[in-house]
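Chain letters run A, B, ... following the sequence lines, proteins first, then strands; residues in each count from 1.
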2 protein chains.
Amino acid sequence: MRLIQNDSLKQRFSAESHFEEQFSFPVLANTRLVFFPANSTLIHENAASPDLFYLVRGRTKLSHTLANGKTLITGFFTPPCFLGEMELIDPTSPAFAVQAIEDCWCLALTKAPIATQLLNDPVFLRHICIYLTHKDVSNLTQAARNQGFTAAQRLAAFILLTENHGQYHEQHTQVAQYLGISYRHLLYVIADFLRQGYLVKTPTGYRIHDRAALHRLAHDLAD
Amino acid sequence: MRLIQNDSLKQRFSAESHFEEQFSFPVLANTRLVFFPANSTLIHENAASPDLFYLVRGRTKLSHTLANGKTLITGFFTPPCFLGEMELIDPTSPAFAVQAIEDCWCLALTKAPIATQLLNDPVFLRHICIYLTHKDVSNLTQAARNQGFTAAQRLAAFILLTENHGQYHEQHTQVAQYLGISYRHLLYVIADFLRQGYLVKTPTGYRIHDRAALHRLAHDLAD
DNA sequence: TCACCGATATGAGAAATCTCACACTAGGAG
DNA sequence: CTCCTAGTGTGAGATTTCTCATATCGGTGA
C-alpha cells in the first residue's frame, strides 16, 4: 500500500465514484488516497484491517483459506465498492483476504475514530444494504446461470476476469476449485484452448492470443 | 393470509425470534400476527407488498418468472427472517414471489406509516446488513460446495427442503432448472430413487419412503 | 370435436467430467 | 545433499449428464 498525496486526483476519484454520497457527514478531509500494485494484498485474512476501503479503480479478488490450509478464490470485486465493510458491521464475521488483480486505487478511512458514527449513519447503512441486496440478487442469478454452462465457457469468463494486460497466471489447483471442476479436466480444457490458439504458453503463465474467441465462449455468462 | 388474533401467541413468537430487538423503537403494538397455509403466496411477484413480514414459523421458497414466462425456484427462506425488506430498502429492486412450502406464521408491519422511520433506524438497518452479510457468505460457501456434488445428492437435499409431511410434489420442469440439470437427467435420478425405494409414487406426486437414505445422500450439503 | 400445447415419460448415443494411476519438477526442511 | 510436499502434466476407463427423438396425457381454445 502506498499513500498517494495528490488532492486533485483524490477529488476526481471521489466525484466519479459518488464517494461522499455514501455518508451523511463530511468524510473527505479524513480520507486518504492509497495505491495497491497488482498482486498485492489489500486485506489480510483474519487480520481485521484498521481501514475501511472504497475501491475506485482496479479489480480485486476475494480468497478464502480452508480448514486444510488450501486457499480458494471465492469472488471478485469491481469498483466502486466498499472493502472491509462486513467486519465493520458484524465484527463476528471472519475477514477474508482481498488481493489486487491489477493496480488498484482506494479511498481509505481509518475506522477507529468514526466506527460508531458509521454504525449509526442511516445513509451509510442504507447504501451498504442496497449494495448487499444487489450483490445477493446478482449472486443468485449468476449461480443459476453458471449451472448449465460448460467448464470451457466458465473458464473463458474466468480468464477474462482475472487477466492483467493479456497475461493470465492463476494457479490451476485454485482455479479448478473455483470453477468446481477437477484438476484433470481443467488441464484438458486449457490444453484445448492452446490447441485452438486462444492462449499461448509463456514461461510464467499464459498469454491471451485470441481474446475475441474467449469472449465468444464466455458471452452468455456476462452480466 | 389470515389474521390471528391471539396476543399471547404473538408475544411468544416475538420473544422467540427476537423480533423487537430488530428495531430501536417499539413496534409490537403495530404488529399483527398472520398465518399463511402451505402453498399459499406471501408476496406476489412485481406487486410490492404493503407489509413488511418477519417469518417466525414455516419454510418458504423464492421464485422468479423469467422473460419467457417460465417460473424458476431461486431460493429458500427459513425463520427467523424478514421478507420484503429488499423492496423497502431499495424500491428499484424487483419483488420476487415468495410462497409457503408449509404452514407459515409471520409478524406483519404495515410499511407505509413507518417506512421513513425504518429507513432511518440504525438498529434495523444494522440487523438487515448483518443478515444480508451472512446470507452472502452462506450463498458463497453453498455455491462453492454445490459444485462437485452429483444431481442425486442435490436432489436429495432439495426434496428434504421442499417436502411437507412426507409429501414431495414440485414440478419436474422447475426442479430441473433449479438444480441446473436437464429434465431428462432429473427423471433418471427420480427413477433411480424409486427403484432404490427412497420415494414412492402417489397420484399427486411422491411420498418419502426412506428419509434416512435421502439424508445420507444429502448430508454433505447440509449447512 | 379437434388441434395444440406443456408436462410427463422413455430410449439411445454422444459429450462432459470424474477418478485413479503415474511421472516430473521446484523449493523448503532436516 | 536428500527427503518431502505441492504444483504441474498425461493417459485410460468409468460415470454423470446432455441432446435429440418420440410417445402419452390432460387441458384449453377454436
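When distances are taken from the side chain of B/Leu187 to each of C/dA9, D/dG7, D/dG11, the shortest belongs to C/dA9. The side chain of B/Tyr188 has C/dG11 as its nearest neighbour among D/dG9, C/dT17, C/dG11. Among the nucleotides D/dG7, C/dA9, C/dA7, the one closest to any side-chain atom of B/Gln171 is C/dA7.
Between A/Phe149 atom CZ and D/dT17 atom P the separation is 18 Å, expressed in whole Å. Residue A/Ile190 contributes atom CD1, which lies 8 Å from atom P of D/dG9 at whole-angstrom precision. Atom OH of A/Tyr206 and atom C1' of D/dT8 are 8 Å apart (whole Å). Rounded to an integer number of Å, the gap from B/Gln153 CD to C/dT17 C1' is 15 Å. The CG atom of B/Asp192 sits 9 Å away from the P atom of D/dT16 (whole-angstrom rounding). Rounded to an integer number of Å, the gap from NE2 of B/His172 to P of C/dG6 is 18 Å. Residue B/Tyr183 contributes atom OH, which lies 18 Å from atom P of D/dT22 at whole-angstrom precision. The separation between A/Arg154 atom CZ and C/dT17 atom P is 7 Å, rounded to whole Å.
Position along DNA chain C of the nearest nucleotide to B/Glu170 versus B/Arg184 favours B/Glu170 as the more 5'-ward residue.
Look at A/His185 and you won't find any side-chain N or O under 4.0 angstrom from OP1 or OP2 of C/dA16.
By the 4.5 Å heavy-atom criterion applied to side chains, B/Phe193 and B/Leu214 are counted as neighbours.
Between A/Tyr178 and A/Phe158, a ring centre-to-centre spacing shorter than 6.0 Å is recorded. Between A/Tyr168 and A/Tyr198, the distance separating the two ring centers is not shorter than 6.0 angstrom.
Note on A/Ser182: a base of the nucleic acid sits closer than 4.0 angstrom, heavy atoms only. When heavy atoms are screened at a 4.0 angstrom cut-off, B/Ala191 is found touching no nucleic acid atom at all.
Checked by atom type and distance alone, the side chain of A/Gln153 never pairs as donor or acceptor with a backbone atom of A/Ala218 at under 3.5 Å.
In this structure, B/Arg184 satisfies the cation-pi test against B/Tyr188, with its NZ or CZ atom closer than 6.0 Å to the six-membered ring centre and inside 45 degrees of the ring normal.
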